[in-house]
Amino acid sequence: MKTQNKGGAVKWLLVAVSAFFLIVMLILPLVYVLITAFREGIQPFLAAVTDPYALKSIQLTLEATVFAVIINTIFGLFAAWSITKFQFRGKKVISTLIDLPLTVSPIIAGLIYVLTFGRQSFLYPYLKAAGISIIYAVPGIVLATIFVTFPFISREIIPVLTAAGTDEEEAAALMGANGWTIFRRVTFPHIKWALLYGIVLCTARAMGEFGAVSVLSGHLRGKTNTMPLYIELLYQGYDFTGAFAMSAILVVMAVCILILRNVFEYRGKKNEE
Amino acid sequence: MEKKYYVEMRGVNKSFGSFQASKDIHFGIEKGKLIGLLGPSGSGKTTILRMLAGLETEDSGDILIDGNIVNHIPASKRGIGFVFQNYALFRYLTVYENIAFGLRVQKWPKAKIKARAEEMLQLVGLEETAKRYPNQLSGGQRQRIAFARALAPEPQLLLLDEPFAAVDAKVRQELRSWLREMITRVGVTSIFVTHDQDEAIEVADEIIVTNQGRIEQIGSPKEIYRNPQTPFVAQFIGQSAEVDNFRQFTGFTNAESNAERAIVRPEYITVAKQGEFLKYSLDAEEGVVEQTAFRGNEIELKIRLKGNLLTARRLLDDAPVEVGEHVRVFISRVYAFDEQKAYVIENAALNTQESLVI
Ligand SMILES: Nc1ncnc2c1ncn2[C@@H]1O[C@H](COP(=O)(O)OP(=O)(O)OP(=O)(O)O)[C@@H](O)[C@H]1O
Ligand SMILES: [Mg+2]
């Protein structure tokens, strides 16, 4: 391994730079969040976290996340399936559209929904008549979360399905299997780990979403504040202990998800072999 | 009386976009026969097979199985066994579950599934692999499991897409005779795709030759070999040399038909050294050996004859021939062809007694 020996110095330099960068940019701030949260001991932390508004925001975040993940899992499976298993006009367009949320700023996503469902919209009278409020209410938050997270799951599954091809499905169909049996026994084992991986990414993003949700929420304390919004509110009100306590919870959740993500990625890779 | 066919295609056409992959496909297959679908790469063999199976929808024409039009019957209801070119075994199911899959979806009783799966494993001689996954099998084993999986639900028609393409030459030879024997034993009507003429000639009862989306000729291996109907078949089958004007050879000067060009196969060329006995010696011509090659059980010669390079063979035991040697060459038959048709033309000497040297 001559090249590696020669590149020894360069290699270590690169590793050191990357490590330094990661520590300064990521690890230090995260550790600092945790330290600040517990600076005044465990009592103020618990008090901040068990505050009714705080609990409400945690609940709302979890709700929005669960909805977004469920809906995006279903949507992601359908989209990935139709894009990889069928030939049709407009396939390119659909697969490009799926990526839209990754390129559009979340703020704009929020504004799009305000325009679509808000007072200016032609839909508004009908929604009002039906007693449905979307803007400045929970459904709006769920919608925004779904919008920003919807590429994650299908993007993970599409490459796996493409690589697997359609032969096995065709073989199963020829033996008389129906669509559901084919999915359950032939397709699903292929995409299992990629799907879980996508779900994890989707969850992480859903929990942390700020921009789009911020536009649609209206910041009603105890009603439409998710964790990130609530944290901002506390921060604006100079309640640093509270803000960092809530942040600590988000950080811990993120770390758990990161660990899960690695487990799934590893299992998926092993599965490939 | 019209023959009773088990599988039929009547005037089937199929295009992918602007590319026509099948053009007016017309054929009939009798029950219990093993048919070889032979043609060069891209000639539309797989397309025909996939339309029969219902995996591809024909643009026009009819497909009949057992006398019924099946155009609108989906693949899952046609009851056809299919062996894919790359086998398409279910990666995440064991060998046993692969074979049992079709039986489970067709809701066979538990005990019968077990009995049938074990019977199939035994048939292909791979009982010990039941618990393995497909990626733990060799290419030849996968091929046999794919075959067992396709046969397990007792299909009336078995389609095989290049069943031997993915295994090496030696295993291929073994599997060939194995497959022939299996199919005869099970008695299922079968169609297999190949672009290897030896394979088709050795295994099939009947061969369908395809070229550029059309069927060129249908017939027994012997007919296809001895009596090619189209220029393409004459060139495609056998190891052939093409000559521009076959009338220049003695014995073909007054041949009928307007064809000029012809195919000359090694089987119809006799080569004798000077002084060696040659039956139709008066009609033999002199050629020069340009190349000799050892081919296992025979010697292959390239001989220059009136400007044409022909391929001929001599037995290993015959007196050796040197490069540059002048030899006497007798051509007994050529396949002449024009734009549309191929004609078998025999050397005139074969029909006249005088030229015989007794
Ligand atoms: N789904 C498809 N879309 C577009 N073109 C196709 C499709 N399937 C087949 N073709 C074209 O139709 C022609 C015939 O294809 P087919 O697969 O039937 O050939 P084949 O005789 O089986 O060849 P091979 O021996 O290489 O497998 C080819 O030119 C191929 O490019
Ligand atoms: Mg093919």
Side-chain angles (χ1 to χ4, degrees), chain A residues 77 80-93 156-199 263-273, chain B residues 16-17 46 49-50 52-57 73-94 97-108 113 116-117 133-136 142 145-155 157-161 166:
Chain A
L77 279 173
W81 179 280
S82 58
I83 283 175
T84 52
K85 305 287 169 180
F86 301 108
Q87 299 292 335
F88 55 90
R89 257 170 219 279
K91 189 164 151 168
K92 273 259 155 58
V93 179
E156 287 305 316
I157 306 175
I158 286 170
V160 181
L161 279 182
T162 310
T166 52
D167 284 3
E168 285 184 41
E169 274 93 1
E170 284 180 350
L174 278 165
M175 285 185 254
N178 60 30
W180 171 239
T181 309
I182 295 175
F183 176 76
R184 197 169 47 89
R185 299 207 56 202
V186 180
T187 313
F188 185 70
H190 276 284
I191 57 170
K192 188 167 58 185
W193 296 110
L195 179 64
L196 282 173
Y197 183 73
I199 288 176
V263 170
F264 291 150
E265 195 177 42
Y266 174 74
R267 296 298 301 264
K269 282 241 175 66
K270 239 176 98 172
N271 209 37
E272 284 285 297
E273 281 155 21
Chain B
F16 296 107
T46 300
L49 223 55
R50 289 175 62 85
L52 280 175
L55 294 173
E56 216 76 73
T57 313
I73 298 183
S76 57
K77 299 263 160 35
R78 288 193 191 181
I80 289 175
F82 200 107
V83 177
F84 286 80
Q85 191 160 347
N86 54 1
Y87 313 139
L89 293 174
F90 305 130
R91 276 185 59 171
Y92 297 105
L93 297 180
T94 59
E97 283 303 322
N98 261 280
I99 296 176
F101 187 94
L103 312 178
R104 287 197 204 286
V105 295
Q106 287 167 29
K107 306 231 165 21
W108 285 35
I113 294 179
R116 180 68 176 163
Y133 285 90
N135 60 1
Q136 298 167 320
R142 271 178 224 175
I145 295 300
F147 181 75
R149 182 180 71 173
L151 276 187
E154 300 176 337
L157 176 62
L158 181 66
L159 307 176
L160 307 106
D161 193 356

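Every heavy atom of this structure was used, including side-chain atoms; hydrogens, water molecules and symmetry mates were not. Reminder, nothing fancy here: chain letters follow the sequence lines and each chain counts from 1.
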Subject >> Choice from B/L89, B/V83, B/L55 maximising heavy atom contacts with chain A below 4.5 Å >> reply: B/L55

**OP:** Taking all non-hydrogen atoms of both residues into account, name the closest pair between B/V105 and A/A177 and its distance.
**Re:** CG1-CB, 3.8 Å

Original post:
Hey, are the side chains of A/V186 and B/Y92 touching, using non-hydrogen atoms and a 4.5 Å cut-off?
Top reply: no

Original post:
For B/F90, is it the side chain, the backbone, both, or neither that has a heavy atom closer than 4.5 Å to a heavy atom of chain A?
Top reply: both

**OP:** Could you pull out the closest heavy-atom pair between A/A171 and B/A88, with the gap in Å?
**Re:** CB-O, 4.1 Å

**OP:** Measure the CD-CZ distance between A/E170 and B/R50 for me, rounded to the nearest 0.5 Å.
**Re:** 4.0 Å

**OP:** Decide if atom NZ of B/K77 counts as having more than 12 heavy atoms of other residues, nucleotides or ligands within a radius under 6.0 Å.
**Re:** no

Original post:
Okay, side chain of B/Q106, backbone of A/M175: is any donor-acceptor separation there less than 3.5 Å?
Top reply: yes

Original post:
Side chain, backbone, both or neither: which part of A/A172 has an atom under 4.5 Å from a heavy atom of chain B?
Top reply: both

Subject >> Interface residue of largest heavy-atom contact number with chain B, from A/T181, A/L174, A/N178, under 4.5 Å >> reply: A/L174

Subject >> B/F16 atom CZ: more than 12 heavy-atom contacts under 6.0 Å >> reply: yes

